[in-house]
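Here is the structure we will look at.
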Amino acid sequence: MDRMRRRAGAMLGALAIALLASGCTPEPTPTPSPTGFASEEEAFAAAEATYRAYVDALNQVDLSDPATFEGVFEHLAGSALADEKKSLTNLHAEKMAVSGSTVLNGFFAGTSNGALEAVACLDVSRVSLIDQYGVSQISPDRADVYAVRLAFTTTDSPLDVRIGESQAIEDSRCS
């Protein structure tokens with residue numbers, strides 16, 4: 001009798017191992033990426049969506065109406081927000097007028113030390129800036145397309161991505 005119990009126990013043990021090995025175990029819970037998103041792809045998509053929304057808001061700015069600046073500010077944080085507030089306030093005070101649209105031609109996202117970063121390629125060839133006397137303030141040497149290095153940050157909600165830093169750079173992907 002003991003022999004039969006041992007054999008039955010061994011068979012049940014072997015069956016349990018076979019079931020475990022056959023994929024009947026639950027799927028592991030995904031580990032969030034360092035950015036707080038479920039995957040890097042999701043983080044990159046959120047960063048690009050934020051930047052596209054920022055460019056769209058910037059294209060809607062009327063420098064004579066500071067209320068139109070708010071749509072731009074809601075996509076920014078940190079030094080990017082401070083710099084943009086200063087820039088738009090100065091352009092308004094100087095009675096500048098902007099026309100045309102900036103176009104996002106490329107967006108290359110990645111992470112560095114767990115931080116979400118990107119390079120954006122902007123076509124500004126259709127954008128003009130005119131002073132109060134009707135004189136263009138655009139340098140004739142201005143490139144039509146340029147690159148911007150972006151660092152993103154989150155707010156109280158880790159999935160609320162904002163542009164924290166922005167700096168014009170040279171990048172061959174934007175040529």
For F44 and F107, the nearest pair of non-hydrogen atoms, with its separation, is O-CE2, 4.2 Å
In this structure, which one of L63, D62, V61 forms a side-chain contact (heavy atoms from CB on, under 4.5 Å) with D65? D62
The test is side chain to side chain contact (heavy atoms under 4.5 Å, CB included); show your working for M96 and Q137 and say whether it passes. CA-CA 9 Å; M96 296 286 185; Q137 298 301 300; 3.6 Å; yes
Let me confirm one number: the OG-CZ distance from S101 to R126, rounded to the nearest 0.5 Å. 7.5 Å
Consider only side-chain heavy atoms of I, L, V, M, F, W and Y, link residues closer than 4.5 Å, and tell whether Y51 and L81 are in one cluster. yes
So, are D160 and R162 salt-bridged, with charged N and O less than 4.0 Å apart? yes
Please round to the nearest 0.5 Å and tell me the distance separating atom OG of S87 and atom NE2 of H92. 13.0 Å
Where L104 and A120 come nearest, the two heavy atoms and their spacing: CD1-CB, 3.8 Å
Pair V124, I138 - check side chain to side chain contact (heavy atoms under 4.5 Å, CB included), show working. CA-CA 11 Å; V124 294; I138 302 296; over 6 Å; no
State whether the number of non-hydrogen atoms from other residues, nucleotides or ligands found under 6.0 Å of E170 atom CD is greater than 12. no
Can you tell me how far the CG atom of L88 sits from the CG atom of D83, to the nearest 0.5 Å? 11.0 Å
With rounding to the nearest 0.5 angstrom, report the OG1 to CD distance, T111 to E40. 4.5 Å
Mind checking the CZ-NE2 spacing from F152 to H75? Nearest 0.5 Å is all I need. 11.5 Å
Provide the closest heavy-atom pair for T50 versus I163 in the form atom of the first, atom of the second, distance. CG2-CG1, 4.2 Å
Within 45° of the six-membered ring axis of F69 and under 6.0 Å from that ring's centre, is NZ or CZ of K85 located there? no
With a 4.5 Å cut-off on side-chain heavy-atom distances among I, L, V, M, F, W and Y, is there a chain of contacts connecting L150 to V103? no
The reported gap from NZ in K86 to OG in S79 (rounded to nearest 0.5 angstrom) is 12.5 Å
Taking the cut-offs as 6.0 angstrom to the six-membered ring centre and 45 degrees off its axis, would you call R173 and F108 a cation-pi pair? yes
